[in-house]
Amino acid sequence: DDDDDDEAADALSEWDLRKAAAAALDILATMYGDEGKVSGSRYVEILLATLDDVLGSDEWETVESGILVLGAIAQGCQLQMAEYMGKLLTFLLQCLVHPKSLIRNITCFTIARYKDWIMHPDHAALEATLEPLLGRVLDGSKVVQQAACTALCSFFEQENSGERLKPFLVPIVDQLVTAANGAYQRKSLICVYDAINTLAERVGEHLKEPELSERLMPCLLDKWMRFSDTDPDQFALMECLTSVVIAVSDGCMPYAQMIHDKCLRMLETAAIYDALVKQGRAAEVGDPPDPEFVVCAVDLLSGSAEALGPSVESLVGDSRVVEFIVVLSTSDHLDVRQSVFALIGDYSKACFVHLEPAVHVLVPTLAHQLNPRYVAVCNNAAWALGELAMQMGEGMRGGLDMIVPHLTGILAGKHGTPLMRATVAVALGRLGMVCPVTLGQHIEPVFYSWCEAITRFKNNDEKQDAFIGLCNMIIANPEVFASQLGYLTSAVCSFADADYEHYPELHSQVSGVLQFYKAQLGREWDVYVQSIPENIRDRLRATFNCV
């Protein structure tokens, strides 16, 4: 009986001897199977010989334990198990329709553990696996529903999953939408939302196709609109909806007003509460709203801004959202400030005209939050300031005295994560694009740290901005950087030639700076280039023709 099986599965969620034994087999598989050791093959041979009788047993509990063993050894013995996978997968797919729900449950887990082999294009196993696995999403057992959704997430998270899953997106979306619209219980629905969320994050723009976006968006919005604005059960759905909105891009335009309005109602409650508390009128308000409502609503607004770009301008202009941003940017909750600062950055890119009247308040607030003790908040504050600089230009000059000491202090003090330091470096570079004379004089003492941080950052538009800002600073202050050539040449070589082809303006700027120093230094330049590592010298010669 499936109800009995569900109760048994709930009991098995606790750590016990069974799970400890499976964990031990997993560890042994990793020890013996690592990098195709001969001992790994022997380990698999011993286990499979034992499992023959176990998997062929008439007792379903015995079969279930054997399937668990197959899942336990999967990660450590991928290479050794490859020769058995054809037969093994056939067996597992048959188990997905076993009468006992615990068999179907553990089979979902085990299939997911072999996702690397199944997803490999040479094995032609993905289509045969997805159809029955998707069928379990609508299983009559809640634990199987959840296990199937979790297994699907494992496939969605695989590298290059977007291209591999593209041919199957219609049945995947159809089944997940059917599950979301079905009579799922709360925990199973959260698993469905998580699966849709993961799919949107990994396959991204492939969901822009109307046959997919027009299935997903109405389903999710209908579910969301049924929640009251104060129901905490909507959090998982809002996170899912945020990822889908970003993925479908302008495909969310027909629903944008509806999304915007509901998010603003959530923000208004929190903003009014915060404003009254700051005015010393706490007695007039009741319990504080859950900050998670604000975080989810702000993140969804950020997703809409990223998806719609300048098209979001009319929504922002006709609302009080900027007023709420100003109030909530000083929230006592770190996660609220983190999300609000990200929204400031997104609105800077998408609709700065509506943010501009508030920059005299927002810039000091963001500068004050450049505290490396709070990594996520500091990271988003630095990013938002960089985005504002790109829009404000020379208008950012008045805030430099508040901003720059914090940014350079973070680099000088070796504070924070590599990502936060890289974001700080990008912010300084972007400030240098618009205020090069002043920034060039401030960045020299931390130039090594700036180069170290920025070279670890992925090559993208933000990094290009940072380097163009650096070039502007050097042109405005050439004598300041003359003693920093070693750091400079190593940093500019962190871009591959293909990246410079993608960013011709950057290549032109860097070439101009290097040629300037070559002309100015004369023989000293020749001495310098002979002192640097050969790989750097070769790059300077091939990419910039300055050796």
Side-chain angles (χ1 to χ4, degrees), residues 115 118-121 124-138 148-182 184 189 191-225 236-260 262-263 299-312 314-315 346 349-350 460-461:
K115 59 186 179 296
I118 293 170
M119 289 281 283
H120 197 287
L126 183 56
E127 183 174 6
T129 303
L130 278 178
E131 183 177 353
L133 190 57
L134 284 169
R136 293 310 96 212
V137 172
L138 300 179
C149 289
T150 301
L152 286 171
C153 285
S154 297
F155 285 94
F156 300 161
E157 289 169 349
Q158 285 290 93
E159 187 176 356
N160 299 323
S161 60
E163 290 302 319
R164 292 288 292 125
L165 293 172
K166 185 178 178 181
F168 314 110
L169 285 177
V170 171
I172 289 172
V173 168
D174 280 347
Q175 199 76 336
L176 292 174
V177 166
T178 300
N181 284 328
Y184 261 36
L189 263 180
C191 290
V192 173
Y193 297 148
D194 185 46
I196 296 174
N197 189 355
T198 306
L199 179 70
E201 288 180 346
R202 302 300 297 194
V203 308
E205 62 181 15
H206 295 311
L207 291 183
K208 291 173 63 175
E209 294 297 325
E211 63 180 329
L212 300 174
S213 63
E214 291 173 7
R215 284 281 281 146
L216 277 170
M217 289 298 298
C219 164
L220 297 176
L221 280 171
D222 179 65
K223 301 286 287 188
W224 187 38
M225 291 301 156
L237 174 54
M238 292 180 72
E239 291 173 6
C240 168
L241 187 56
T242 299
S243 296
V244 172
V245 162
I246 294 171
V248 304
S249 188
D250 54 5
C252 75
M253 191 66 200
Y255 320 99
Q257 186 71 60
M258 192 186 310
I259 293 170
H260 191 81
K262 180 155 183 164
C263 287
D299 289 348
L300 186 44
L301 289 175
S302 282
S304 298
E306 182 177 342
L308 298 175
S311 297
V312 81
S314 60
L315 298 174
D346 286 322
K349 292 191 293 183
N460 60 13
D461 293 348

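All of these numbers come straight from a predicted model, not from anything done at the bench.
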With respect to [X], which candidate in [options] satisfies the side chain to side chain contact (heavy atoms under 4.5 Å, CB included) definition?
{"X": "Phe156", "options": "Leu199, Asn197, Val203", "answer": "Leu199"}
{"X": "Leu169", "options": "His206, Glu209, Glu211", "answer": "His206"}
{"X": "Tyr193", "options": "Cys240, Cys149, Ser243", "answer": "Cys240"}
{"X": "Cys252", "options": "Val245, Leu221, Leu216", "answer": "Val245"}

For [X] against [Y], the heavy-atom pair lying closest together:
{"X": "Met253", "Y": "Ser311", "value": "CE-O, 4.1 Å"}
{"X": "Ala195", "Y": "Cys153", "value": "CA-SG, 3.4 Å"}
{"X": "Arg202", "Y": "Glu157", "value": "NH2-O, 3.1 Å"}
{"X": "Ala305", "Y": "Ala350", "value": "O-CB, 4.2 Å"}
{"X": "Arg164", "Y": "Pro121", "value": "NH2-CA, 3.8 Å"}
{"X": "Ala180", "Y": "Lys223", "value": "O-NZ, 2.9 Å"}

Nearest 0.5 Å please: distance from the [atom1] atom of [X] over to the [atom2] atom of [Y].
{"X": "Leu308", "Y": "Ile246", "atom1": "CG", "atom2": "CD1", "answer": "11.0 Å"}
{"X": "Arg136", "Y": "Gln175", "atom1": "CZ", "atom2": "CD", "answer": "9.5 Å"}
{"X": "Leu301", "Y": "Thr242", "atom1": "CG", "atom2": "OG1", "answer": "8.5 Å"}
{"X": "Leu126", "Y": "Phe155", "atom1": "CG", "atom2": "CZ", "answer": "7.0 Å"}
{"X": "Asn181", "Y": "Leu220", "atom1": "CG", "atom2": "CG", "answer": "9.0 Å"}
{"X": "Cys219", "Y": "Ile196", "atom1": "SG", "atom2": "CD1", "answer": "6.0 Å"}

Below 4.5 Å, heavy atoms only, C-beta onward: do [X] and [Y] meet side chain to side chain?
{"X": "Asp346", "Y": "Lys349", "result": "yes"}
{"X": "Arg215", "Y": "Thr178", "result": "yes"}
{"X": "Trp224", "Y": "Leu300", "result": "yes"}
{"X": "Met119", "Y": "Ser161", "result": "yes"}
{"X": "Leu134", "Y": "Phe168", "result": "no"}
{"X": "Leu152", "Y": "Leu130", "result": "yes"}
{"X": "Glu239", "Y": "Asp299", "result": "no"}

Other residues, nucleotides, ligands: >12 heavy atoms within 6.0 Å of Gln257 CD: yes
Verdict with supporting geometry, Ser249 and Glu205, side chain to side chain contact (heavy atoms under 4.5 Å, CB included): CA-CA 8 Å; Ser249 188; Glu205 62 181 15; over 6 Å; no
